[in-house]
Amino acid sequence: MAALGGGGTRWRRAWLPALQLLRRGSKAVTRHWKAMHFQRQKLLALTEYVSPRPAVPPRCLPRRSPQEPQEDGYARVLRRQAEQTLRDSRMVAVCHYNPMAEEDVATLRHYLRRHNIHLKFVLNEVMRPVLAQSKFRELLPLFVCRNVLLVSPEAPAREMLRVLKGVPHVTLLGACIDDTILSRRGVENFSRLPSLEVSQGQTVAALSLLSSQTSSLLQRGPAHLTALLDEHIRRLQGTGGAPETPPGH
Amino acid sequence: EKMASKVSVVLRPVKSIVVRFCPFESNVESTRKFLQCIYHKKVQATNTNCEVTTDVRHDGSEPVVDVMFADGDRLIMKGAHLTAGEMLTALASRCNAKDLKEEQKGKKKNP
């Protein structure tokens with residue numbers, strides 16, 4: 001190092017940069033910041049990236065109208081399934097669902113399946129457009145927070161209420177049975193109704209009541225007369241008299 | 001459920017909670033969310049003796065949450081214009097206050 005002295009200005013006359021740099025300078029890759037060679041600096045400055053700019057700035061161009069949100073295929077499938085379910089079932093009950101354990105859900109599903117009731121978890125975003133276009137428009141305000149649908153091709157209201165009584169996590173909010181929207185109390189009243197055959201018999205009996213009363217009224221006179229005549233005959237026979245022909249013949 | 005885990009209500013001093021609402025009204029969302037948070041298993045685990053009852057009406061009445069505490073106090077929250085978070089924080093603050101009072105009473109008895 002003493003023989004070479006300090007590199008740079010002092011020894012300009014005999015300056016072999018390759019030799020001197022190798023002997024005195026640090027390596028190419030250093031732990032400290034090393035000044036770039038001037039040629040390298042010039043090359044990098046020349047080859048700096050210049051971003052392409054459009055001739056007309058984009059803010060001067062007319063703004064594109066916001067595109068409509070693209071329809072999700074999965075949402076479409078879910079909506080179609082929901083429409084089919086609503087169409088096929090006679091009873092649709094909407095219940096408020098509080099989170100419960102998986103095995104409880106499975107048990108509830110099992111007990112409902114025994115009475116041919118299907119438990120369906122629904123998403124509000126999928127159900128809202130379906131309901132708005134169908135006849136269940138009144139059920140729209142029910143679809144807030146997590147809900148669960150109990151659908152069935154028959155209308156087993158009594159069994160459904162019995163099962164739901166044992167499950168506090170699921171609360172019945174309202175139902176649509178046979179195209180009639182019912183509240184919770186309506187469902188309870190519906191469950192207390194007698195079966196179709198019994199109610200048909202009751203209707204027939206109520207309708208025929210008046211006509212049967214009329215016929216009994218009309219028959220009361222002759223029936224009374226016949227009873228009196230029979231009594232008279234018995235008395236005559238009882239006193240041992242001759243079998244006279246009763247008056248009136 | 002996220003709100004329940006954030007607010008962490010301790011239901012020890014609560015005897016019963018009655019949630020009354022009419023589902024066909026439009027102002028019941030916060031009450032229903034409150035009900036969902038109350039039914040979370042962590043909150044239920046803090047007090048298994050607490051009875052949570054849901055009363056579903058159809059008379060157009062306002063949603064009401066009625067909380068009965070073990071020492072006879074009663075908290076009535078009308079959920080028509082409250083959010084679920086507000087109701088939960090109100091309940092949590094009162095439960096914590098009552099818990100602290102109970103602890104202090106216990107400490108005074110057994111010094």
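All of these numbers come straight from a predicted model, not from anything done at the bench. Chain identifiers are assigned alphabetically (A, B, ...) following the order of the sequence lines, protein sequences preceding nucleic acid strands; residue numbering begins at 1 within each chain.
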Taking every non-hydrogen pair under 4.5 Å, which of A/Ser183, A/Gly174, A/Gly186 racks up the most with chain B? A/Ser183
Atom CZ of A/Arg185 and atom CG of B/Asp59: how far apart are they, to the nearest 0.5 Å? 7.0 Å
Residues at least two apart in sequence or cross-chain that pass side-chain hydrogen bond (donor to acceptor under 3.5 Å, both in side chains) with A/Arg192, listed by chain then number, are A/Asn189
So does A/Cys145 get a backbone contact from the side chain of B/Gln36, meaning a donor-acceptor N/O pair under 3.5 Å? no
If you draw a 6.0 Å radius around CD in A/Glu71, do more than 12 non-hydrogen atoms from other residues or ligands fall strictly inside? yes
CD on B/Gln44 to NE2 on A/His169, rounded to 0.5 Å: 6.0 Å
I would like to know whether A/His96 and B/Arg32 meet side-chain hydrogen bond (donor to acceptor under 3.5 Å, both in side chains); could you show each step before the answer? CA-CA 8 Å; A/His96 173 84; B/Arg32 281 178 74 173; 2.9 Å; yes
B/Lys101 NZ: over 12 foreign heavy atoms closer than 6.0 Å: no
Other residues, nucleotides, ligands: >12 heavy atoms within 6.0 Å of B/Phe69 CZ: yes
So if I take each residue of residues 21-31 of chain B and look for any heavy atom under 4.5 Å from a heavy atom in chain A, which residues do I end up with? B/Phe21, B/Pro23, B/Phe24, B/Glu25, B/Glu29
Tell me the residues of residues 70-81 of chain B whose non-hydrogen atoms fall below 4.5 Å from those of chain A, in number order. none
Go through the atoms of A/Leu172 and report whether side chain, backbone, both or neither lie under 4.5 Å from a heavy atom of chain B. backbone
Just checking A/His224: does its NE2 atom have more than 12 heavy atoms from other residues, nucleotides or ligands closer to it than 6.0 angstrom? no
Looking only at heavy atoms, which of residues 120-139 of chain A get nearer than 4.5 Å to chain B? A/Glu138, A/Leu139
More than 12 heavy atoms from other groups under 6.0 Å of NZ on B/Lys98: yes
Please report the interatomic distance CG(A/Asn98) to OG1(B/Thr54), rounded to the nearest 0.5 Å. 6.5 Å
